[in-house]
Every structure is written in structure tokens, then in C-alpha cells.
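Here is the structure we will look at.
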Amino acid sequence: TSDSLRFHDIASGLGLVVSTSANRSGEPTPRALDDVPDEILRRADAVIDVWTLAGVPSTVARWEGGCLVVVREGAVDRARLAALTGLTVE
């Protein structure tokens with residue numbers, strides 16, 4: 001079992017919200033804990049540093065007015081998100 005899978009099991013069991021998005025809108029995506037702005041770290045109840053991210057950031061969307069609105073397009077583009085969910089994606 002990889003470290004990321006063990007961490008996922010622990011986080012899920014505790015009801016934690018785990019996010020790769022630790023930046024202000026429009027700012028660069030942090031790849032490691034050292035890249036996360038201090039203002040965000042100070043507001044976190046806990047920080048667990050497991051790994052350095054590689055690749056493309058995640059896609060972030062919100063539910064609004066009966067459809068998904070993409071806030072940040074990342075690894076999953078709008079067309080793929082629509083195909084995967086069967087929902088309207090803006």
C-alpha cells in the first residue's frame with residue numbers, strides 16, 4: 001500500500017477535508033508545503049506534509065444554478081467533466 005493510500009484511509013476515517021488547492025485564486029498552485037502561503041497555513045487546524053505534487057493541478061468546480069461551473073480547469077477539462085458526470089458544465 002502506498003503512503004498516499006494509507007493517508008487517504010486515515011483522512012477519510014477522521015472526516016477530514018483534504019485539498020491540493022492551498023492558494024488564493026489566480027495565484028500559482030503550490031507543489032510542496034513550503035510553497036503554501038503563510039496566511040493559509042496559519043488558518044489551518046492541522047497540516048500533514050505527505051508528498052510533493054507532480055503533474056497538472058486538479059480541476060475545481062462548484063455547483064451553481066443546476067450545473068457545474070469550473071472555477072479552475074486542471075487535469076480534467078470541461079468536456080471530460082461533462083462526459084464523466086452527465087451534467088451541464090460551464
Using a 3.5 Å cut-off and no angle test, enumerate the donor-acceptor pairs between side-chain atoms of residues 79-90 and protein atoms at least two apart in sequence or in another chain.
from: Thr85; atom 1: OG1; to: Leu81; atom 2: O; distance (Å): 2.8
from: Thr85; atom 1: OG1; to: Leu87; atom 2: N; distance (Å): 3.2

Donor-acceptor list for residues 62-69 side chains, cut-off 3.5 Å, not counting sequence neighbours:
from: Arg62; atom 1: NE; to: Glu64; atom 2: OE1; distance (Å): 2.7
from: Arg62; atom 1: NH2; to: Glu64; atom 2: OE1; distance (Å): 3.2

Of all residues at least two apart in sequence or in a different chain, which pass the side chain to side chain contact (heavy atoms under 4.5 Å, CB included) check with Ala32?
Asp35, Thr52
Check each of Val76, Val71, Val70 against Glu73 using the side chain to side chain contact (heavy atoms under 4.5 Å, CB included) test, and report the only one that passes.
Val70
